[in-house]
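The structure under discussion appears below in the form of structure tokens.
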Amino acid sequence: MTRRAVVKGIGHYLPERVVPNAEFEKTLDTSNEWIISRSGIERRHFAAEGETTSQLATHAAKAALDMAGMDANEIDAIIVATSTPDNTFPSAATMVQSALGNTTGFAFDVQAVCAGFVYAMSNANAMILAGQADRVLVIGAETFSRIMDWTDRSTCVLFGDGAGALILEAETGNGTSDDRGILATDLNSDGRYKDLLYVDGGVATQNTGVLRMEGKEVFRHAVEKLAQTADTALEKVGLGAEDVDWVVPHQANIRIIQSTARKLGVGMDRVVVTVQDHGNTSAASIPLALSVGVSEGKIKPGDLVVTEAIGGGLAWGAVVLRW
Ligand code: UT7
């Protein structure tokens, strides 16, 4: 008998305002055609003035709790993966905890930029396997529109805001890859690449700063590292590409998604793609894509799902789970 962290509910939330590529044509030397052909992005959502990451996260969390048929106080732990918390501290997770009315659990943030959700899932899994928690609410939520340089066409057209949440609950499996729940995780980081993707402000500068990215270099690392980490996670449980029902990748660029699928040996008909509608929502992109995949009837109970992500740090990783 093996403890497993099984998904019991999922939900997402996108801010109301949809911004099509054409809007950037008014202020920048860019075009709808360039953005679509280089990134696959057609539109993204931006939070309203005053709308915060923890508010987006709370909406998504409520949807996940609804699907699971759980009350907020049945949750032992809340983890929010974010690089855009409302405040430097306390954590966005404690703000979500307060908004949900959870007084019995513990809450904290995980900061691994675009790989944040994979890191948070791995943490949640470890806590469940250790018996430290039975029910964990894992959220990815971001308001990257707050850290954009609106004069930098090479970054500001790529990112969006949103949140996705899921609930993991301890169940007993038989210890094989047929079990439902998280089967394997693989986490990596390499701080030598910290200057490829970063925000040029923070506590040290006493201002929030804006995102800076060496896009081409990050692209190169993404193509190399994403298939590798997904393969490693699959190998840990003796599975291969042929066993995968759905790849749910971090949604940064359609060209990265396609080339990773090719390297993995998985056809695009088995990849959930939302980058056209959401842009890059960093730590929110995987739970958003998972939630959309479920609501569109693609991801079904028993399906083998592989998620993979890379972002600032560089930090990257993958989670293999049976839905
Ligand atoms: O989520 C974290 C991980 N992040 C990523 O995975 C992002 C990885 N990088 C990328 O997705 C791509 O590198 C980008 C979409 C950022 C850029 O695509 P690219 O094919 O690598 O383009 P590039 O940076 O080589 O730029 C090509 C040209 C340049 O002009 P020159 O130097 O060839 O004259 C850029 O100045 O495109 C220009 N350019 C633009 N043109 C119109 C850059 N941004 C724009 C723009 N509109 N918005």
Side-chain angles (χ1 to χ4, degrees), residues 19-44 81-84 110-120 140-145 147-162 164 188-190 193-199 210-230 247-261 263 271 273-276 278-289 307-318:
V19 178
N21 291 344
E23 234 171 277
F24 294 100
E25 292 175 352
K26 295 176 196 160
T27 52
L28 291 169
D29 179 16
T30 189
S31 66
N32 179 43
E33 290 70 30
W34 189 94
I35 300 169
I36 291 178
S37 69
R38 305 316 292 163
S39 73
I41 298 164
E42 296 171 28
R43 60 192 73 79
R44 75 286 290 140
T82 189
S83 302
T84 47
V110 162
Q111 214 278 46
V113 204
C114 298
F117 193 74
V118 167
Y119 271 66
E142 302 278 16
T143 46
F144 261 51
S145 64
I147 52 165
M148 288 296 111
D149 174 353
W150 299 111
T151 65
D152 179 6
R153 66 177 183 172
S154 72
T155 54
C156 74
V157 302
L158 301 174
F159 294 88
D161 303 338
N188 313 265
S189 70
D190 190 337
Y193 302 117
K194 64 183 169 42
D195 297 333
L196 294 185
L197 175 50
Y198 66 100
V199 169
V210 290
L211 181 146
R212 303 290 179 207
M213 178 167 71
E214 299 284 339
K216 248 192 167 31
E217 274 302 292
V218 176
F219 191 104
R220 198 174 60 74
H221 283 285
V223 166
E224 172 198 312
K225 293 180 166 65
L226 287 173
Q228 209 172 60
T229 182
V247 175
V248 183
H250 171 49
Q251 310 281 323
N253 186 317
I254 190 65
R255 294 184 293 137
I256 295 174
I257 294 171
Q258 287 163 340
S259 97
T260 304
K263 281 195 169 194
V271 180
V273 179
T274 55
V275 68
Q276 71 284 357
H278 302 164
N280 182 346
T281 58
S282 186
S285 94
I286 287 176
L288 270 165
T307 66
E308 27 86 351
I310 186 166
L314 294 174
W316 67 102

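All ligand and atom numbering here is 1-based and tracks the order in the structure.
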Taking Gln276 for the side chain and Glu42 for the main chain, is one N or O donor matched with an acceptor at less than 3.5 Å? no
Nearest candidate to atom 11 (O) of ligand 1, where distance is taken over non-hydrogen atoms, out of Asn253, Ile254, Leu196, Thr155: Asn253
As a test of the contact definition, would atom 19 (P) of ligand 1 count as having a protein heavy-atom neighbour under 4.0 Å? yes
With heavy atoms under 4.0 Å as the rule, classify the contact between Ala252 and ligand 1 as side chain, backbone, both or neither. side chain
Does the protein put a heavy atom less than 4.0 Å from atom 33 (O) of ligand 1? no
Is it true that Arg212 and Asp149 make a salt bridge, defined as a side-chain N closer than 4.0 Å to a carboxylate O? yes
Quick note on ligand 1: atoms under 4.0 Å from a heavy atom of Val218 include exactly 3 (C), 4 (N), 5 (C), 6 (O)
With heavy atoms only and a cut-off of under 4.0 Å, state how Asn280 meets ligand 1: side chain, backbone, both or neither. side chain
Any protein heavy-atom neighbour for atom 43 (C) of ligand 1 (distance below 4.0 angstrom)? yes
May I ask you to identify the nearest protein heavy atom to atom 29 (C) of ligand 1, giving residue, atom name and distance to one decimal place in Å? Arg153 NH2, 4.7 Å
Could I get the full list of side-chain hydrogen bond (donor to acceptor under 3.5 Å, both in side chains) partners for Gln258, not counting sequence neighbours? none
Straight-line distance of Glu23 CD to Arg44 CZ, nearest 0.5 Å: 9.0 Å
Looking only at heavy atoms of Val113, does any of them come nearer than 4.0 Å to an atom of ligand 1? no
If you count the atoms of ligand 1 from 1 in the order shown, which ones are under 4.0 Å from a heavy atom of Ile256? 6 (O), 8 (C)
Counting heavy atoms only, which of Lys216, Glu217, Glu33, Glu214 is nearest atom 25 (O) of ligand 1? Lys216
Going by the order shown, which atoms of ligand 1 are within less than 4.0 Å of some heavy atom of Arg38? 15 (C), 20 (O)
For atom 39 (N) of ligand 1, is the nearest protein heavy atom under 4.0 Å away? yes
Proximal atoms of ligand 1 relative to His250 (non-hydrogen, under 4.0 Å): 1 (O), 2 (C)
Closest protein heavy atom to atom 22 (O) of ligand 1, given as residue, atom name and distance to 0.1 Å: Trp34 CZ2, 4.0 Å
Among non-hydrogen protein atoms, atom 16 (C) of ligand 1 lies closest to Leu158 CD1, 3.6 Å
Taking only heavy atoms of Leu197, which atoms of ligand 1 are found under 4.0 Å from at least one of them? 2 (C)
Main-chain N/O of Arg38 paired with Asn253 side-chain donor or acceptor, under 3.5 Å: yes
Would you mind listing which atoms of ligand 1 come within a distance below 4.0 Å of any non-hydrogen atom of Arg255? 18 (O), 19 (P), 20 (O)
Geometric N/O contact Cys114 with ligand 1, under 3.5 angstrom: no
